[in-house]
There are 2 protein chains.
Amino acid sequence: MERTFRQPLVMVDTALFTIRDEHLCLILARRQEPPFEGVLALPGGFVHIEEDADTAMAARRVIRHKIGFDAPYLEQLFTFSGAARDPRGWSVSIAYYALIPSSLLDQSQVAEALPAAALPPLPFDHPQIVAHAVERLRSKATYSSLPAFLLPGTFTMNELHRIYEQTIGTRLDKASFRHKILEQGIIEPLSDQFRVGAHRPAQLYRLASKALTPFERKI
Amino acid sequence: MERTFRQPLVMVDTALFTIRDEHLCLILARRQEPPFEGVLALPGGFVHIEEDADTAMAARRVIRHKIGFDAPYLEQLFTFSGAARDPRGWSVSIAYYALIPSSLLDQSQVAEALPAAALPPLPFDHPQIVAHAVERLRSKATYSSLPAFLLPGTFTMNELHRIYEQTIGTRLDKASFRHKILEQGIIEPLSDQFRVGAHRPAQLYRLASKALTPFERKI
DNA sequence: CCTAGTTAAATGTATTTTGCAAATAACATA
DNA sequence: TATGTTATTTGCAAAATACATTTAACTAGG
């Protein structure tokens, strides 16, 4: 195969969202090698074209290496490119974002989960990637069941409500929210299962199979 | 710079939407070189890392080469990758989609604009790219002013209405559509300009500056 | 000059969806 | 048994929507 042009570095970077203390957080990794060795950054790595069927597989490898298991929700975000984004020269980074229920993370990993609103200075063009990822999550949250993937397998209506408010960043009416979510059928009640406490017990729900269907909208 | 891994081919492909005879169409190009020489395909090309600031610039170059001018609307779509998509081996294609007002195209180019619903067999993974692009356009049309970019600079309310119906694929109530579009402020009337005919003249509109703001939505 | 034909635009109204406030339910605990 | 606490439901006004109809503003043809 003849190549009459130089070829760029191709890598993946991942924005891993989770919730900690009611705040939307990102899981960062301390870089093991130069450039920016020792600096906190988005987990990433090169695409291995001998092993990876596609770049999503590379992203899954990076995530598994970082948190030890697969993310319940993973989606390609945007591809960043150019000469300025990496000191090693012209490069392409296919960015992914994923949603990780904090219940699945152990303490050591949670230590590197920092609030998306107050991240340290990040290397490369990672601030841009984060901005895109937050924007995408916000946008999708308003018309899909995405935020539910930040919760563990079962959750109460109020937990779901709070997590939507967290990701969207605005208040949502409780009654309307409950009504709309139930009507969309993206979650289903676990019959006879409730979360107890010093108050009325709360119905437990789980994601329904049709959970990823976006809500219906009309012009 | 040392590289301990093979690097993939990096290219861009473009899905160029336009409207012809009230149908949503894609502009195709006959391939000039192997593989698939002479076959109709999405316009594309390699990313030239010596010239292109980023892959969007490569996409703009491809589009300018195909239709002779820049697209009024261009957006990155998705990045496709893998060993199977191109017979030359593992590759990455950053796909873009663009909206082209048919009024700007001359006849020769229009000849290669074929209905998105009835395309010939396409090479590589171009069918997948087309599916993604149509899906994205549909989705965005329901909550943004995107379809207006398929129209010439000035247009009537009914033309806009028809183009929304075309891209979304469903009927939309005329009165509600008019009301909602005007309320969103994405278009503005050209005072004292009307399209005449053997009937009541229609007010002409143009895209307002805030045209790209997505519509407001709520859970 | 009048009328039929045609498309644009506005209007009316029943229905549905939302926002907001309040009431009721179901506990644990003291 | 009363009290505090959170869950869930209810009620209603306001806004948005779907659907049907009416009115407006022209041209063309007699």
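Order of the sequence lines fixes the chain letters, A, B, ..., with proteins taken first and strands second; residue numbering starts at 1 for each chain.
The nearest whole Å value for the distance from the CG atom in A:D173 to the C1' atom in D:dA13 is 14 Å. What separates CD of B:E165 from P of D:dA18 is a distance of 12 Å, to the nearest Å. For the pair B:N158 CG and C:dA8 P, the interatomic distance rounds to 4 Å; values are reported in whole Å. Atom C1' of nucleotide D:dA25 and atom CZ of B:R200 are separated by 6 Å, given to the nearest angstrom. Distance A:H179 NE2 to D:dT9 C1': 11 Å, rounded to the nearest Å. If you take CZ of B:R171 and C1' of D:dC19, they are 9 Å apart, rounded to a whole angstrom. Between the CZ atom of A:R162 and the C1' atom of D:dA7 there is a distance of 12 Å, rounded to whole Å. Protein atom CZ of A:F177 is 12 Å distant from nucleotide atom P of D:dT8, rounded to whole Å.
Side-chain atoms of B:Y73 and B:E75 include a donor-acceptor pair closer than 3.5 Å.
For B:K174, whose side chain is taken as the heavy atoms from C-beta onward, the closest listed nucleotide among C:dA28, C:dA8, C:dA9 is C:dA8. When each of D:dA25, D:dT10, C:dA28 is scored by its nearest atom to the side-chain atoms of A:A198, the top-ranked nucleotide is C:dA28. For A:M157, the side-chain atoms get nearest to D:dT8 when compared with the rest of D:dA20, C:dA21, D:dT8. You'll find that the side chain of B:H199 is closest to D:dA25, out of D:dA25, D:dA18, C:dT18.
Taking the nucleotide of DNA chain C with the nearest heavy atom to each of A:A175 and A:P201, the more 5' of the two is matched to A:A175.
With a 6.0 Å radius and a threshold of 12 heavy atoms from other residues, nucleotides or ligands, A:R136 has its CZ atom above the threshold. Atom NE2 of A:H199 has more than 12 heavy atoms from other residues, nucleotides or ligands within 6.0 Å.
Considering only side-chain N and O atoms, B:K180 lies nowhere under 4.0 angstrom from the phosphate OP1 or OP2 of D:dA16. Contact annotation: A:S176 side-chain N/O to C:dT18 OP1/OP2 distance is not under 4.0 Å.
The only member of A:V62, A:L74, A:L42 that meets side chain to side chain contact (heavy atoms under 4.5 Å, CB included) when paired with A:T14 is A:V62.
The aromatic rings of B:F124 and B:F36 sit perpendicular, their planes meeting at an angle over 60°, well past the 30° parallel limit.
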